[in-house]
Amino acid sequence: MLADTGNLTIFREFLLMDVSNSRELQILQGLMFLVVYLGALAGNLLTFTVIVIDPHLHFPMYVFMGNLSLIDFGYISVTVPKSITNSLMGHKVISLTACAAQTFLYIFFASAEFFFLVVMSYDRYVAICHPLHYASTVSPRFCTQASCGSWASGLVYSAVHTGTMFSHPFTESNVIHQFFCDVPQIMSISSQAVQFSEFVAIAVSACIVLLGFVFLFASYVHIFSTVLHMHSVEAQNKALSTCSPQIATITLFIITGLFASFGPVSNSPSIPSLLTAMFYSMVSPLVNPIIFSLRNRKIKSAVHRMLKKAFRFHRRDFIS
């Protein structure tokens, strides 16, 4: 839909371009995205459900893991279901409002995950470096405040950037060479005023992000320093096993973030740009549950207990 204002054309919808015009390839892309989405959906919802219903996991570390699973579920659900529908139905159009909402939620979940990773690094720092003060420092009140603060920070961060990007009408183009409203693509077709405002917003927010990374780095430096001074090999292994999944998640988050921020902005649909976007929009939500669930003994035990209860209930109901 277009709106003409004199010689100026204002776009009120965008075209999400496919890599190929071939219906077979579009359907194949849709089915591939569906498999990835169902895998991420199952992993994150299973992790979140187990942490919520199992009283053995009602501890700060698992509370933060549950929030992270919920974030990853939302993160991948913002973009992929719409892309699956578009690919299978041969539909390319997304309204300006839907694009703005998708952008807002995408940035919101990504930034909230970053703030939660910072909080989780502090949790491990206190647990390993100051274990005697852990119960009093990482209290239920702290968990509530840290969780609410992380969600609120992501909300504010996303509102600022989304408000900046959609503050002016789009008059240059309405073609987005990606399967979702990718931020670099939106910036490439936005006005000069928007690009300048977003540059200022990024410069300011970069200071906050840099501070978070400094905190992350300092926390894990202290953690590894403490672990190296432990006399027991068993204690060292136990300490490392509790923070290694977080380190893997942080590393993956940083790598995908670098791809999203500094990857090339394609002017035409291509396989490399599709794979790059898939990497930073799908890999973390798909891999994070595997990192946490398969490497964490308590979560695996909780899953087994939940499945046994479900099987017993189903069997009793079937017999009766």
> Below 4.5 Å, heavy atoms only, C-beta onward: do V227 and I128 meet side chain to side chain?
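Of all side-chain heavy-atom pairs linking I128 with V227, at least one is under 4.5 Å.
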> If Ile, Leu, Val, Met, Phe, Trp and Tyr residues are connected whenever their side-chain heavy atoms lie under 4.5 Å apart, and connections chain through other members, are I255 and V118 in the same group?
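Yes, it is one cluster - the side chains of I255 and V118 are joined through contacts under 4.5 Å.
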> Does any non-hydrogen side-chain atom of L96 lie less than 4.5 Å from one of F166?
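The answer is yes, as the side chains (C-beta and beyond) meet within the 4.5 Å cut-off.
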> So how far is it from S281 OG to D182 CG, rounded to the nearest 0.5 Å?
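The CG atom of D182 is 8.0 Å from OG of S281, to the nearest 0.5 Å.
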> Does the S77 side chain pair with the main chain of G74, one donor and one acceptor, at a distance under 3.5 Å?
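Side chain of S77 to backbone of G74, a donor-acceptor pair under 3.5 Å: no, none is there.
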> Any chance the rings of H161 and F104 have centres within less than 6.0 Å?
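No, too far apart.
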> Restricting to pairs with a member in residues 214-234, which pass side-chain hydrogen bond (donor to acceptor under 3.5 Å, both in side chains), not counting sequence neighbours?
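Matches after skipping sequence neighbours: Y220-Q246.
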> Just say parallel, tilted or perpendicular for the rings of W151 and F116, cut-offs at 30° and 60°.
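Correct class here is perpendicular.
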> Tell me whether F170 is reachable from V183 by hopping between hydrophobic residues (I, L, V, M, F, W, Y) whose side-chain heavy atoms are closer than 4.5 Å.
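Yes, V183 connects to F170 through the hydrophobic network.
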> Please report the C-alpha distance between I94 and F180 in whole Å, then the side-chain angles of each, then the deciding distance to 0.1 Å, and finally whether the side chain to side chain contact (heavy atoms under 4.5 Å, CB included) criterion is met.
CA-CA 9 Å; I94 184 172; F180 68 102; over 6 Å; no
> Under 3.5 Å, side chain of D123 to main-chain N/O of P60, donor-acceptor pair present?
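Looks like no, no N/O pair under 3.5 Å.
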> Supply the atom-to-atom distance C148 SG to N67 CG, rounded to the nearest 0.5 angstrom.
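C148 SG to N67 CG: 9.0 Å, rounded to 0.5 Å.
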> Is it the case that the ring center of F179 lies less than 6.0 angstrom away from the ring center of F33?
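Ring-ring flag for F33/F179: true, centres closer than 6.0 Å.
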> May I ask you to check whether H56 and Y62 show a side-chain donor-acceptor distance below 3.5 Å?
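No, no side-chain donor-acceptor contact under 3.5 Å.
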> I'd like to know if the side chain of T249 reaches the main chain of P245, judged simply by a donor and an acceptor atom lying under 3.5 Å from each other, with no hydrogens or angles considered.
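Yes, because the side chain of T249 sits within donor-acceptor range (under 3.5 Å) of the backbone of P245.
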> Check whether T85 reaches the backbone of P81 with its side chain - one donor and one acceptor, N or O, closer than 3.5 Å.
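Answer holds: yes.
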> Is V160 reachable from Y157 through a run of hydrophobic residues whose side-chain heavy atoms are each under 4.5 Å from the next?
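Each belongs to a different hydrophobic cluster.
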> Do we get K92 above F14's six-membered ring, with its NZ or CZ under 6.0 Å from the centre and within 45° of the axis?
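Verdict for F14: no cation-pi partner in K92.
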> Run F114 and S150 through side chain to side chain contact (heavy atoms under 4.5 Å, CB included) and show every step you take.
CA-CA 8 Å; F114 171 73; S150 297; over 6 Å; no
> Do V36 and L275 belong together in a cluster built from hydrophobic side chains that touch within less than 4.5 Å?
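The answer is yes; both residues are in one hydrophobic cluster.
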> Which distance, rounded to the nearest 0.5 Å, do you find between the CG of L252 and the CG of L286?
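It comes to 10.0 Å.
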> Test F213 against every option in L117, I254, I208 by the side-chain contact (heavy atoms from CB on, under 4.5 Å) rule and name the one that passes.
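Of the listed options, the one satisfying the test is I254.
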> Quick check: is V52 connected to M306 through a chain of hydrophobic side chains (ILVMFWY, heavy atoms under 4.5 Å apart)?
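Per the 4.5 Å side-chain linkage, M306 and V52 are co-clustered.
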> List the steps and the verdict of side chain to side chain contact (heavy atoms under 4.5 Å, CB included) for F224 and I247.
CA-CA 12 Å; F224 283 113; I247 295 173; 3.4 Å; yes
> Mind jotting down which residue pairs meet the side-chain hydrogen bond (donor to acceptor under 3.5 Å, both in side chains) criterion with at least one end in residues 105-118? Sequence neighbours excluded, please.
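Output for this query lists Y75-Y106, E113-N288.
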> Taking the side chain as everything from C-beta on, heavy atoms only, tell me whether T103 gets closer than 4.5 Å to S158.
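Heavy-atom side-chain distance check fails, nothing below 4.5 Å.
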> Determine whether more than 12 heavy atoms belonging to other residues, nucleotides or ligands lie under 6.0 Å from atom CE of M32.
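Counting neighbours around CE of M32, more than 12 heavy atoms of other residues, nucleotides or ligands fall under 6.0 Å, so yes.
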> How long is the gap from CG on D54 to CD1 on I299, to the nearest 0.5 Å?
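Between atom CG of D54 and atom CD1 of I299 there are 10.0 Å.
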> Would the distance check show the side chain of S147 and the main-chain N or O of T144 forming a donor-acceptor pair, the cut-off being under 3.5 Å?
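Looks like no, no N/O pair under 3.5 Å.
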> Checking side-chain polar atoms at under 3.5 Å, does Q185 have a donor or acceptor matched by the opposite partner on H177?
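No - no donor-acceptor pair under 3.5 Å links their side chains.
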> Working to the nearest 0.5 angstrom, can you tell me the gap between T47 OG1 and F73 CZ?
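Answer rounded to 0.5 Å: 13.0 Å.
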> Quick check for you: to the nearest 0.5 Å, what is the distance between Q178 atom CD and S188 atom OG?
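With rounding to 0.5 Å, CD (Q178) is 11.0 Å from OG (S188).
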> Compare all side-chain heavy atoms of I84 with those of V80 and state whether any distance is below 4.5 angstrom.
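Yes. Closest side-chain heavy atoms under 4.5 Å.
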> Using a side-chain heavy atom cutoff under 4.5 Å and only I, L, V, M, F, W and Y, what cluster partners does V175 have?
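Besides V175, the cluster holds L15, M17, V93.
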> Are the side chain of N174 and the backbone of F11 linked by a donor-acceptor contact shorter than 3.5 Å?
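Answer holds: no.
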> Check step by step if side chain to side chain contact (heavy atoms under 4.5 Å, CB included) holds for S83 and Q29.
CA-CA 9 Å; S83 176; Q29 176 183 317; 4.0 Å; yes
> Can you find a heavy atom in the side chain of I176 that is under 4.5 Å from one in the side chain of C181?
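Yes. Closest side-chain heavy atoms under 4.5 Å.
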> Would one find more than 12 heavy atoms of other residues, nucleotides or ligands at under 6.0 Å from atom NE2 of H133?
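Check fails, neighbour count at 12 or below.
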